Amino acid sequence: MATTPMSTPRAESLSMLDTLNHAQRRAVCSDASTVAIMAGPGSGKTHTLTSRVVWLVDALAYQPQNVIVATFTVKAAREMRARIGKALSHGRHNKLVLGTFHSISRRYLAAYGAHIGLDQKFGIADDGDSRAILSRICKRLQLSLDPVQARSWISKRKAKGSKWTPTLLGRQRSGEAADFSRAYETCYQEYQDHLQRSNLLDYDDLLVRCVELLQKHPACVSNVQAVLIDEYQDTNGIQYDLMRLLAQKHKRITIVGDPDQSIYGWRSAEIANLRRLFDDFPQTDQISLEENYRSSQAILDTALTVIQQDEKRYKKVLRPVHDRGTRPTLRRLKTSADEAGWIVSEIRRIQMFSGNMMGPEDMAILLRSAALSRQVEAALGKAGIAYRMIGGFKFYERAEIKVLLDYLRVIHQPDNNDALARIINVPKRGIGDTTVKALLEEAEQSSESLWSLLIKHCRGDRIAKTNIKRTVEQRINGELIRLVLDIQKKIRQTPENAPFTLVDIIDEVLTRLSFDKYLRDTYRDDHEQRWANIQEFRLLANDFMRGNAADLDDELPQVDGLEQAEEADILTKFLANVSLASDAQNKGQDQESMPMVTVSTIHAAKGLEWPVVFIPAAYQGSIPHMRSDDTDEERRLLYVAMTRAKVLMYASCPLLSTSYGGQAEVELSSFLEPVAHIFGRIGPSFEPQRLAIMGKILGRQVPTQKSIFDSLPIGVSPNDDLYPEDPTAAQVMGTVKSHWNDPSSGMPPQKRPRLVSTTSNAGAGEDFVPGKYYATTMEQHATFTMASQLEFAAAASHQATPPMTEPGRIVPPTKSSKKGKTTATAGQTTLTGFMQRNSTEIKTEETAFPTQSDLRRPRPDARIPGPLIECGKKPDPLTLNTELARHKIEPVRAAKRMAQAARSPSPTYAGKYVQFSSSPPRPPSPADAARGRTADTTAGFQKSSAGKPHPAPTRAPPSLHNTTFNIQRQAAGVKRPAGLARPHDSAAALQKLRKPFRPLTMNRP
DNA sequence: CATTGAAGGTTTTTT
DNA sequence: ACCTTCAATG
Ligand SMILES: Nc1ncnc2c1ncn2[C@@H]1O[C@H](COP(=O)(O)OP(=O)(O)OP(=O)(O)O)[C@@H](O)[C@H]1O
């Protein structure tokens, strides 16, 4: 395919230019050698960077293998490659040297490490390894240092790079301090020695050694034409050095960043690197991007009020291109569990009342720390909402996986004392800590590895001083040493045509250890789960083998005058990959196609975006975190979280947080406290006008009101009223006061019987099953109007005295007694309320933030709907609905945003219903096109192309992420998605459901 | 000296 | 709820 280009390269970069605004284009095409783009969130920095890569490769014809693109996370790297891949043909994106700083360094070291005396088979010491090594050193040398602190000291020191100076240790301080730093120094020395003996590099060493390599052998990078760096504000000293060295030949550097989004200070990121760049490269072309394409104005303004609390920050211009949109919400709840339940209820409400314009895939829950995910995961699991967890616990860090990995590491590199020490008694072989420690000591003293000591001892060459019992010795010899040697032999002796593969190695280890038995014995309760994890690991290894053979080659191009080492064996690569991957990523299709809510740490969410973002646990101690001493960084973290949202942003805060012991009272985050009045106190309502603006911002087609209401379950409340707005208010048990206010009168809310019984606890343990309860279908589609919706709603309310077995409304998964009294408040609307409203009532209400005094009295917007559409003519609801119905409305999906951004409004829609979208929905699939876009006038969005009616507001629950809650979740009677239980292999499907594994692939909508 | 059970202190963020 | 540490037992 590469031989016959389908399109001329030029065309690709030219069409790419169309997606850029003026400033972006200037940045992309700049012929300055150093280009620095500093701009706020959502201004298209990443888009610009990827476009510049395309420009360099396509228009300027740089060889892709001579272009280096560095990112900070594996996810960002993948995302970037995918994005570039869309714009560059012929697989050129796969040839780019693209990855995290660490993975790029690893590649250079693997290829040229020999030139600086590095053994090619070096392993990578992960955090656990480093900590273990250091605590042993501290103990042995009787240093009174905390291993964790020592680790961070060492890491900081390495991260400083060339900027490190001994003065950092403090010159002539008090004797004690000097002792202290000497202790650190000793520790550091010992640590490095130990790593070297084990042929290990820690994460920082990868960078340090790569810098060394590039300094001593500039030839390695003599081919490099350009270096591009994303999220530059997160670079640390050594990475800066590395950047310069990588670009030393042509000094062509492009960086993108935003000081306000610097959230890796704790990893020694230095914002000062920006200054440094300008000092070192005075000719740098500095470009700022000032338009925010991501968020509604309301979200952006709110986020800015947070970041502006930081007075030291350098102020930038950031203009929203979108409408004001919906006000963010700051919700108070009683407990963390309520908070999670509330999020679930909002997720459902958004999906239902947006008529599926926004689904699970569009929503993210962003957390300060991974531990906070507990409650959220429990609530999502209970509600049967699929989710993926990003950040936090890692698949490769599970105990059973680590054991297996350690075996692989020992096979790969037996001199890795730490790995060997960890598995020497796993499964139990009767050798305990004391003996192992003594053996390690002995090995260290005779400066050989534990492995060789053991070998010699077992062969009888040299009896270890440490006493080893006969039986123990036999077991170690027979089970462990034999296993390792045998597998090593098989790997070596294997014929080319029938290689002993990675999976074969794993299988052999599993069988010879009777790993399943080991798991059964060790983890009585959840050994099945653990075994499933192992199986998953096997699959990952398999994927890796194939992937490694097939798509991207991570080889560096040959350069003149410097010899590259031969390609390392697959085990080396696999282990490196495991260490450097933030988490496993699988290529499964099931998960890709399943719409899922994203649960992520804020750190891991950087650079991504979602239509809807929840930020729970916004309390003192969480944000800012109690253990952080950099308040500004914590604030920036919140800012990053807030600016991920496109149309809806929710922050929330419980009164009581669930900490380990019990519950503790917490206060609202000090970042939000002063600006709390800007937020709505409960979630917004979804009037058509408001939806229209959301649709416009997202570039999606808004479903008709009819289709929305057709699919609503009976009696579902349109409001955020499942939890009391004021959690401090006394709760009335048993009776539930109506929240249905009467929009036609200015009177306070009337009491009216609820549409459906809420006293039954029908909803308590049961999942809300959509589709089962949806309302009467209207017959006269063509004449369907707002007025008829009113009737419909009324009719629904009359019918709605459902049998007690039917959960008539969504009830939070908590006990029904928890439901308290709610009063209608600002922002609340009713089904009938907002349908009655017609466009003539629309005022420009949300164009300005309410003042604080506005908020004290009931806001009038229970009657006056919010956002105004900035188009000349007021939409007539009747015209709207019928006109719209002529078009086939496709099931809403995340549109390809680059394509969207590029397109101008379609003539069909332009002028007529501008309020729906400034750009047409996603391009029709071939199938859609065949059917004709105007074919189905009545189906609305509800008929998915698959022909299934009513895509569920909440899909059945796959439990794709697995923590300990997985078990709970299943016990809670979670329903399984029909689609997953394949008839031909239901056992496997079940297995899949249990799968703990979190796919990392996150689609940027 | 290894193993087992109970008590007690602990939870940031990532390569 | 989880891991490490400590004391008792085999
Ligand atoms: N010129 C443009 N026209 C329309 N949309 C754009 C344009 N440039 C970028 N966008 C859109 O704006 C959004 C944000 O882009 P991008 O992720 O590149 O921003 P960013 O500056 O990298 O954000 P962050 O700093 O938060 O990572 C994306 O959805 C992107 O498609």
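Note: hydrogens, waters and symmetry copies are ignored here, and every other heavy atom, side chains too, is used. Proteins come first, then strands; the chains are lettered A, B, ... in the order of their sequence lines, and each starts at number 1. None of these values were measured; they are calculated from a predicted model.
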Would a distance-only check, ignoring hydrogens and angles, find a side-chain to backbone donor-acceptor pair under 3.5 Å from [X] to [Y]?
{"X": "A/Q120", "Y": "A/G113", "result": "no"}
{"X": "A/S198", "Y": "A/H194", "result": "yes"}
{"X": "A/Y108", "Y": "A/L214", "result": "no"}
{"X": "A/S628", "Y": "A/H625", "result": "no"}
{"X": "A/D406", "Y": "A/V403", "result": "no"}

Can you check the [X] [atom1] to [N] [atom2] distance for me, whole Å?
{"X": "A/I263", "N": "B/dT15", "atom1": "CD1", "atom2": "C1'", "answer": "14 Å"}
{"X": "A/Y523", "N": "C/dC3", "atom1": "OH", "atom2": "C1'", "answer": "12 Å"}
{"X": "A/M389", "N": "B/dT13", "atom1": "CE", "atom2": "C1'", "answer": "12 Å"}
{"X": "A/E231", "N": "B/dT13", "atom1": "CD", "atom2": "C1'", "answer": "15 Å"}
{"X": "A/I623", "N": "B/dT12", "atom1": "CD1", "atom2": "P", "answer": "15 Å"}
{"X": "A/K394", "N": "B/dT14", "atom1": "NZ", "atom2": "P", "answer": "6 Å"}
{"X": "A/L367", "N": "B/dT14", "atom1": "CG", "atom2": "C1'", "answer": "16 Å"}
{"X": "A/R398", "N": "C/dC3", "atom1": "CZ", "atom2": "C1'", "answer": "16 Å"}

| query | At their closest point, which heavy atom of A/R409 faces which heavy atom of A/A125, and how far apart are they? | reply | NH2-CA, 4.3 Å
| Under 3.5 Å, is there an N or O donor on one side and an acceptor on the other linking the side chain of A/R368 and the base of B/dT13? | yes
| Is A/D418 paired with A/R136 through a side-chain N to carboxylate O contact shorter than 4.0 Å? | yes
| Salt bridge or not for A/R368 and A/E634, using N-O below 4.0 Å? | yes
| query | Is there a stack between A/F72 and B/dT14, judged by ring centres under 5.5 Å and planes under 30°? | reply | no
| field | Ring centroids of A/H625 and B/dT12 base under 5.5 Å with planes under 30° | value | yes
| Hey, which of these two, A/R627 or A/H102, hits DNA chain B nearer its 5' end, going by closest nucleotide? | A/R627
| field | DNA chain B: 5'-proximal contact among A/A371 and A/R151 (nearest heavy atom) | value | A/A371
| said: Measuring to OP1 and OP2 of B/dT14, would you say a side-chain N or O of A/T601 lies under 4.0 angstrom away? | reply: yes
| Distance below 4.0 Å between A/R267 side-chain N/O and B/dT14 OP1 or OP2 | no
| query | How would you label the contact of A/Y264 with the nucleic acid (heavy atoms, under 4.0 Å): base, sugar-phosphate, or nothing? | reply | sugar-phosphate
| message | With a sphere of 6.0 Å drawn around NZ of A/K121, does it hold more than 12 non-hydrogen atoms of other residues, nucleotides or ligands? | response | yes
Please write out each protein N/O paired with an N/O of nucleotides 6-10 of chain C under 3.5 Å, distance rounded to 0.1 Å.
none

| query | Out of C/dC2, B/dT12, B/dT14, which nucleotide sits closest to the side chain of A/W266? | reply | B/dT14
What protein N or O atoms touch nucleotides 2-8 of chain B N or O atoms at under 3.5 angstrom, if any, and at what distances?
{"unit_1": "B/dA2", "atom_1": "OP1", "unit_2": "A/G432", "atom_2": "N", "d": "2.5"}
{"unit_1": "B/dA2", "atom_1": "OP1", "unit_2": "A/T435", "atom_2": "OG1", "d": "2.3"}
{"unit_1": "B/dA2", "atom_1": "OP2", "unit_2": "A/T434", "atom_2": "OG1", "d": "3.4"}
{"unit_1": "B/dA2", "atom_1": "O5'", "unit_2": "A/G432", "atom_2": "N", "d": "3.2"}
{"unit_1": "B/dT3", "atom_1": "OP2", "unit_2": "A/N425", "atom_2": "ND2", "d": "3.1"}

| message | Holding to ring pair (Phe, Tyr, Trp, His ring centres under 6.0 Å), I want the full list of residues that pass it with A/F574, two or more places apart in sequence or in another chain. | response | A/F537, A/F544
